[in-house]
There are 2 protein chains.
Amino acid sequence: MPKTNSDQLHGTLDMLVLKTLQNGRLHGYAIAVRLEQLSNEVLKVEEGSLYPALYRMEARGWLSSEWGMTETARRARFYKLTREGRAQLGAETQSWTRLTAAVQSVLSS
Amino acid sequence: MPKTNSDQLHGTLDMLVLKTLQNGRLHGYAIAVRLEQLSNEVLKVEEGSLYPALYRMEARGWLSSEWGMTETARRARFYKLTREGRAQLGAETQSWTRLTAAVQSVLSS
DNA sequence: ATCTGATACCTAGGTGTTCTAAGTCTTAGT
DNA sequence: ACTAAGACTTAGAACACCTAGGTATCAGAT
């Protein structure tokens, strides 16, 4: 019974994914790798969390996607931010900042 | 369909409650009030979230409780940290710091 | 030539927290 | 007598995330 990963990033996954797409399109697997790199291996993104999140966000109009090829000639589905996705990223970032500030203010009381 | 409060504090509620009990015992309602004050009204703790959280944490041995009277002579259930609860608070705080740092590092990339 | 590991995606099912939305009872104030 | 606030309770639903499998392709090693 390995106590692994449970719910590390509840609530932040969408924001993190949107953020990785801010500078251009990426495919799912690359998003996961990117997030782990950018967080110095602290954030491990489970594929069973990531892909459903991508579908959710595309369904909500925050992302659009299409099949393409990686540099290494592999088939992959590329995602990019829509205008709404960009707005959503802004909103979630702002809300996250506000929330963590509030939590921090409790913790340092 | 009022889009209100949804899951603001997912994952942080336990830590926040433990924190409010660090300096002595409080009853449930007072914990909610305290958290809202300390966070400058940013964190609204729903009673339907708070009380089940208290029961959970007591069941896990992080809290102990007993009935008592408030200063205004009202019946209320007072909670206090156990030794394990204190350890849990430390662990969760550390993990939260680590996580938010990682998220921050992604956001500022 | 085969095997392994990495790349890339998919999905069913379970877990766990939180919220919604009721409700009860008591006391204070009007 | 009525109302609002204090204090607690609980059932149910929503939702995100994880577990744990699965598929397929390609590169490199044995």
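No experiment lies behind these values; they were computed from the predicted model shown. Every chain is numbered from 1, with letters handed out A, B, ... down the list of sequences. The basis for the numbers below is simple: all heavy atoms, side chains too, and nothing from hydrogens, waters or symmetry mates.
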- Is the distance from OP1 or OP2 of dA27(D) to the nearest side-chain N or O of Thr72(A) less than 4.0 Å? no
- Can you tell me the distance, in whole Å, between the OH atom of Tyr79(A) and the C1' atom of dA8(C)? 11 Å
- OP1 or OP2 of dT7(C) less than 4.0 angstrom from a side-chain nitrogen or oxygen of Tyr29(A), does that happen here? yes
- Task: For Arg74(B) and dT9(D), give me the distance from atom CZ to atom P, rounded to whole Å.
- Result: 15 Å
- Message: Looking at Ser49(B), I'd like to know whether one of its side-chain N or O atoms comes within less than 4.0 Å of OP1 or OP2 on dT17(C).
- Response: no
- Task: Check whether any side-chain N or O of Arg75(B) sits under 4.0 Å from OP1 or OP2 of dT27(C), and answer yes or no.
- Result: no
- Arg34(B) CZ to dG6(D) P: how many Å, rounded? 15 Å
- Message: Just N and O in the side chain of His10(B): are any of them under 4.0 Å from OP1 or OP2 of dT17(C)?
- Response: no
- Remember a base hit wins even if backbone is also touched, and classify Tyr55(B) as base, sugar-phosphate or nothing at under 4.0 Å, heavy atoms. sugar-phosphate
- Item | Non-hydrogen side-chain atoms of Ser49(B) and Leu13(B) separated by less than 4.5 Å | yes
- Between the side-chain atoms of Glu47(A) and the base atoms of dC9(C), is any donor-acceptor pair under 3.5 Å? yes
- Proximal nucleotide (of dA16(D), dA7(D), dC9(C)) relative to the His27(B) side chain: dA7(D)
- Phe78(B) atom CZ is separated from dG6(D) atom C1', nearest whole Å, by 12 Å
- Query: Under 4.0 Å between a side-chain N/O of Tyr51(A) and OP1 or OP2 of dC10(C), yes or no?
  - Reply: no
- Message: Between Glu92(A) and Lys19(A), does any side-chain N to carboxylate O distance fall below 4.0 Å?
- Response: no
- For Trp67(B) and dC8(D), give me the distance from atom CH2 to atom C1', rounded to whole Å. 6 Å
- To the nearest Å, give me how far apart NZ (Lys44(B)) and P (dT18(C)) are. 18 Å
- Side-chain heavy atoms of Arg60(B) within contact of Glu84(B), under 4.5 Å: no
- Message: From CZ of Arg77(B) over to C1' of dC25(C), roughly how many Å is that when rounded to an integer?
- Response: 17 Å
- Distance in angstrom units between Leu35(A) CG and dC17(D) P, rounded: 12 Å
- Message: Tell me whether the rings of His27(A) and Phe78(A) are parallel (<30°), tilted (30 to 60°) or perpendicular (>60°).
- Response: perpendicular
- Only one of Thr93(A), Thr97(A), Leu99(A) passes side chain to side chain contact (heavy atoms under 4.5 Å, CB included) with Ser95(A), and that residue is Leu99(A)
- Message: Nearest to the side chain of Thr70(A), heavy atoms from C-beta on, is which of dA8(C), dC17(D), dT18(C)?
- Response: dA8(C)
- Query: So what does Gly28(A) hit on the nucleic acid, given a heavy-atom distance under 4.0 Å: a base, only sugar-phosphate, or nothing?
  - Reply: sugar-phosphate
